[in-house]
Amino acid sequence: MAMTVRIPPELDVKLEEIARARHMSKHAVLIEATERFVNSESKTTRVMTLADGIIDRYADVMKRLEDA
C-alpha cells in the first residue's frame, strides 16, 4: 500500500543519518522501525491483558496483602 508520510525536517535529518550509516534507504529504515513499534505495542497489549487477568484472579489475595 502506498502512502505519503510527512516527517518534520529535524527528524528527517536524523533518519537520513541512520539510513546512511546502515547503508539502507530511508524507506527501509521506516519499515524496520514500524515493524519494531508494532511488535512492541503488540507485546505491551498482551502483557497488560495478562496483568488484568492476574489482578482479577488474585484480587482477594492482593486485598489481604494490602491490609496486612
Side-chain angles (χ1 to χ4, degrees):
M1 178 178 158
M3 90 188 280
T4 300
V5 178
R6 289 181 176 79
I7 299 173
E10 62 278 0
L11 186 56
D12 187 54
V13 169
K14 292 176 184 178
L15 179 61
E16 180 68 40
E17 290 171 359
I18 292 167
R20 193 176 310 115
R22 296 181 71 183
H23 305 286
M24 298 170 70
S25 67
K26 290 193 295 186
H27 173 83
V29 173
L30 287 172
I31 295 297
E32 182 179 325
T34 303
E35 287 174 345
R36 287 183 185 193
F37 177 76
V38 168
N39 289 337
S40 172
E41 286 298 303
S42 175
K43 289 176 187 173
T44 299
T45 299
R46 286 192 308 245
V47 168
M48 293 307 290
T49 299
L50 288 170
D52 287 343
I54 290 168
I55 289 169
D56 290 344
R57 184 174 180 182
Y58 295 103
D60 60 325
V61 173
M62 288 197 248
K63 182 65 177 164
R64 286 188 300 213
L65 288 172
E66 181 181 287
D67 295 337

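V13 and L15 fall into different hydrophobic clusters, defined by Ile, Leu, Val, Met, Phe, Trp and Tyr side-chain heavy atoms under 4.5 Å apart, directly or through other members. Clustering ILVMFWY residues whenever any of their side-chain heavy atoms sit less than 4.5 angstrom apart, transitively, puts I54 in a cluster other than the one holding V47.
Legend: residues meeting side chain to side chain contact (heavy atoms under 4.5 Å, CB included) with L11, ordered by chain and number and at least two apart, are I7, P8. Under the rule for a salt bridge (charged side-chain N to carboxylate O under 4.0 Å, His left out), E17 has no partner lying at least two apart in sequence or in another chain.
Sequence neighbours left out, not one pair with a member in residues 41-53 passes salt bridge (charged side-chain N to carboxylate O under 4.0 Å, His left out). Judged as a side chain to side chain donor-acceptor pair (under 3.5 Å), the pairs with a partner in residues 3-13 (not counting sequence neighbours) are, in order, D12-K26.
Listed by chain and number, the hydrophobic cluster partners of L50 come to none, as no ILVMFWY side chain reaches under 4.5 Å of it.
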Could you pull out all donor-acceptor pairs under 3.5 Å where a side-chain atom in residues 27-39 meets a protein atom, sequence neighbours excluded?
unit_1, atom_1, unit_2, atom_2, d
E32, OE1, R22, NH2, 3.1
E32, OE2, R22, NH1, 3.2
E32, OE2, R22, NH2, 3.0
E32, OE2, R36, NE, 3.4
E32, OE2, R36, NH2, 2.8
T34, OG1, L30, O, 2.7
N39, ND2, E35, O, 3.3

